[in-house]
There are 2 protein chains.
Amino acid sequence: MTVVTVQDVKSTPRATLLLRDLDRGEGINLFDGTHCSTCQLRELCLPGGLTGRDIGRMDELVYGRKRVKRGQFLYQAGDPFHSLYAVRTGFFKSNLLMEDGRDLVTGFHMMGEVMGMDGIGTGTYASNVTALDDCEVCALPYTHLENLSRNMPSLQVHFHRILSSEIVRARSVILWLGSMCAEQRLAAFMLNLSQRFTARGYSPSEFYLRMTRVEIGSYLGMKHETVSRLFSRFQDDGLVSVRQRRIRILNQEGLKNILEQRVPSAPH
Amino acid sequence: MTVVTVQDVKSTPRATLLLRDLDRGEGINLFDGTHCSTCQLRELCLPGGLTGRDIGRMDELVYGRKRVKRGQFLYQAGDPFHSLYAVRTGFFKSNLLMEDGRDLVTGFHMMGEVMGMDGIGTGTYASNVTALDDCEVCALPYTHLENLSRNMPSLQVHFHRILSSEIVRARSVILWLGSMCAEQRLAAFMLNLSQRFTARGYSPSEFYLRMTRVEIGSYLGMKHETVSRLFSRFQDDGLVSVRQRRIRILNQEGLKNILEQRVPSAPH
DNA sequence: CGCGAGGTTGACAATTGTCAAACGCCGTGG
DNA sequence: CCACGGCGTTTGACAATTGTCAACCTCGCG
């Protein structure tokens with residue numbers, strides 16, 4: 001795996017220096033015509049809710065695109081923090097490599113979603129982000145974002161909104177892990193994927209998983225054998241059709257009902 | 001239980017109106033001498049890292065204190081969002097009341113910690129916050145915070161830092177729930193409490209739990225009987241002394257070792 | 001065509017939940 | 001002041017979900 005490392009920009013506060021430093025990073029394409037104002041993902045992404053000339057001002061912010069090949073890191077835990085990244089195409093996972101060698105998956109990220117917010121607090125990314133596909137992201141240098149949002153209340157508001165919704169998202173995973181049995185966690189996961197694909201204009205009922213059973217299991221706190229068995233059970237019950245990574249949801253209501261079940265035997 | 005409700009301030013954007021509206025809330029004491037500049041919790045709280053005159057400017061931000069009696073809500077999921085709250089004294093839990101009646105605990109909050117960030121995104125608090133003690137909090141009206149942080153880069157930076165660290169905190173709970181067995185989760189919990197008490201100048205090895213076994217279990221994704229059994233086991237092993245809610249950590253290294261164990265039988 | 005990673009399934013074992021009983025602590029009311 | 005009642009805690013016996021280990025299968029790729 002190739003590791004993409006970029007310079008720490010903390011010692012070079014001025015914007016021009018920042019740009020030069022970032023330029024040393026691998027795989028960043030500058031001035032390639034990437035603009036929020038013409039991006040179809042705008043409403044799902046950081047500029048969501050901005051209007052008129054404010055959108056044009058966002059274009060200053062996006063420093064450039066960066067390609068990440070399947071299996072490569074976008075960044076790793078411990079790398080110096082300097083940018084947020086918005087997914088343009090492809091699919092990522094956030095993961096932690098634990099001392100004992102296990103790979104713990106903490107999230108999956110698709111088009112329009114913003115990654116890297118865990119690095120703001122410490123100046124160092126707190127997890128890895130790994131491409132599950134050949135991917136493309138927009139790099140948003142953080143000091144630019146801070147400066148721009150000071151002068152653009154609508155951006156400030158929306159940025160805080162995105163930070164906050166990341167907190168809410170994490171809390172919903174805690175809810176899955178803390179209060180649902182394996183069956184319910186997997187149902188919630190598939191409904192969540194379906195909903196996110198729908199918001200992006202894809203089919204709500206048919207999609208390809210970009211991650212392995214092991215990665216799903218790690219994310220949902222269960223072993224890959226359990227994931228596999230549950231897929232089979234759902235298929236037997238006529239709720240979904242599963243063949244390898246191709247998922248078709250046949251009975252969305254049925255899946256939702258699983259979440260409601262007054263769990264006779266709660267997991268924990 | 002008494003529910004403390006406060007007005008929605010969205011329809012009254014101007015600061016003066018905001019102040020009048022908040023004044024209608026129960027239990028808020030205005031101008032009672034609460035000041036960040038003289039607060040001992042400053043470094044742990046929102047003004048952390050600010051210097052000189054910037055600290056003085058924070059005083060504008062803190063609208064007043066508010067007392068919440070044991071068992072009362074500070075706010076409830078669904079209440080309109082207008083303020084963040086910093087804990088001055090006492091102990092809180094964040095919790096969600098689920099349709100089936102279960103009470104899911106998503107966090108515990110002690111002195112100096114900031115609560116309510118889950119409401120920024122939607123304009124509505126996403127969970128309840130319940131006092132486990134008789135408590136006192138500082139109310140930080142959010143529109144004030146936004147305005148002040150636009151003109152005070154050091155505050156902006158630190159506010160973003162706090163939002164980000166909330167994301168990191170949530171992720172560490174996900175790590176507990178997703179990758180550790182019950183024994184490890186409880187050990188991690190006790191070490192986490194110990195570390196937070198230490199940061200506030202209390203004993204690292206001796207403290208009272210403010211929450212019940214049921215609440216601990218809910219937070220850690222296990223039943224209260226399991227919590228109880230594990231406390232007993234830890235006591236038998238000489239790691240801690242537990243009598244009701246009084247905890248004494250006798251062997252911190254031993255607790256840490258539990259976390260390292262190459263889990264022969266991982267939970268999930 | 002064969003290899004290897006990923007996926008499925010089975011038999012068994014382990015952790016953890018369930019149900020039940022008993023105990024201690026504490027505040028309320030007689 | 002004491003008794004009572006309720007909530008929280010502890011402990012036991014048993015059952016359930018989920019992990020473990022192992023075998024086999026599928027598919028894509030060199």
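Within every chain, numbering begins at 1; the chains are lettered A, B, ... in the order of the sequence lines, protein sequences first and strands thereafter.
We find that CG of B:Leu132 is positioned 14 Å from C1' of D:dG8, with the value rounded to whole Å. Atom C1' of nucleotide D:dC25 and atom CZ of A:Arg213 are separated by 14 Å, given to the nearest angstrom. A:Arg185 places its CZ atom 13 Å from the P atom of D:dT17, with the value rounded to the nearest Å. Separating the CG atom of A:Leu209 from the C1' atom of C:dG7 is a distance of 12 Å, rounded to the nearest angstrom. One atom, CG of A:Leu230, and another, C1' of C:dG7, lie 14 Å apart when rounded to the nearest Å. In this structure, CG of B:Leu177 is placed 16 Å from C1' of C:dT15, rounded to the nearest angstrom. What separates CE of B:Met180 from P of C:dT16 is a distance of 13 Å, to the nearest Å. When the C1' atom of C:dT9 is taken as reference, atom NZ of A:Lys223 falls 18 Å away, rounded to whole Å.
Between A:Ser228 and C:dG7, a side-chain N or O to OP1/OP2 separation shorter than 4.0 Å is absent.
Contact check for A:Met190 versus A:Phe234: side-chain heavy atoms found under the 4.5 Å cut-off.
In this structure, B:Thr226 and A:Gln244 both approach DNA chain D, and ranking their closest nucleotides by distance from the 5' end singles out B:Thr226. Each of A:His224 and A:Arg243 has a nearest nucleotide on DNA chain D; the 5'-most of these lies closest to A:His224. Taking the nucleotide of DNA chain C with the nearest heavy atom to each of A:Arg229 and A:Arg245, the more 5' of the two is matched to A:Arg245.
Taking only side-chain atoms of A:Ala182, from C-beta outward, the nucleotide of C:dT9, D:dT18, D:dT9 with the closest atom is D:dT18. Taking the side chain of B:Thr212 as heavy atoms from C-beta on, and the options D:dG8, C:dG17, C:dA20, the nearest nucleotide is D:dG8.
You'll find a donor-acceptor pair under 3.5 Å spanning the side chain of B:Glu225 and the base of C:dC19, going by distance alone.
Checked for salt-bridge contact, A:Glu136 and A:Lys66 miss the test: no charged N lies under 4.0 Å from a carboxylate O.
You'll find the ring centres of A:Tyr219 and A:Phe108 inside the 6.0 Å limit.
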Please assess B:Arg248 against B:Ser205 for the test side chain to side chain donor-acceptor pair (under 3.5 Å), listing each intermediate value before the final yes or no. CA-CA 5 Å; B:Arg248 245 187 313 161; B:Ser205 61; over 6 Å; no
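For the residue pair A:Asp79 / A:Thr124, no side-chain donor-acceptor distance below 3.5 Å is found, with atom types taken as modelled.
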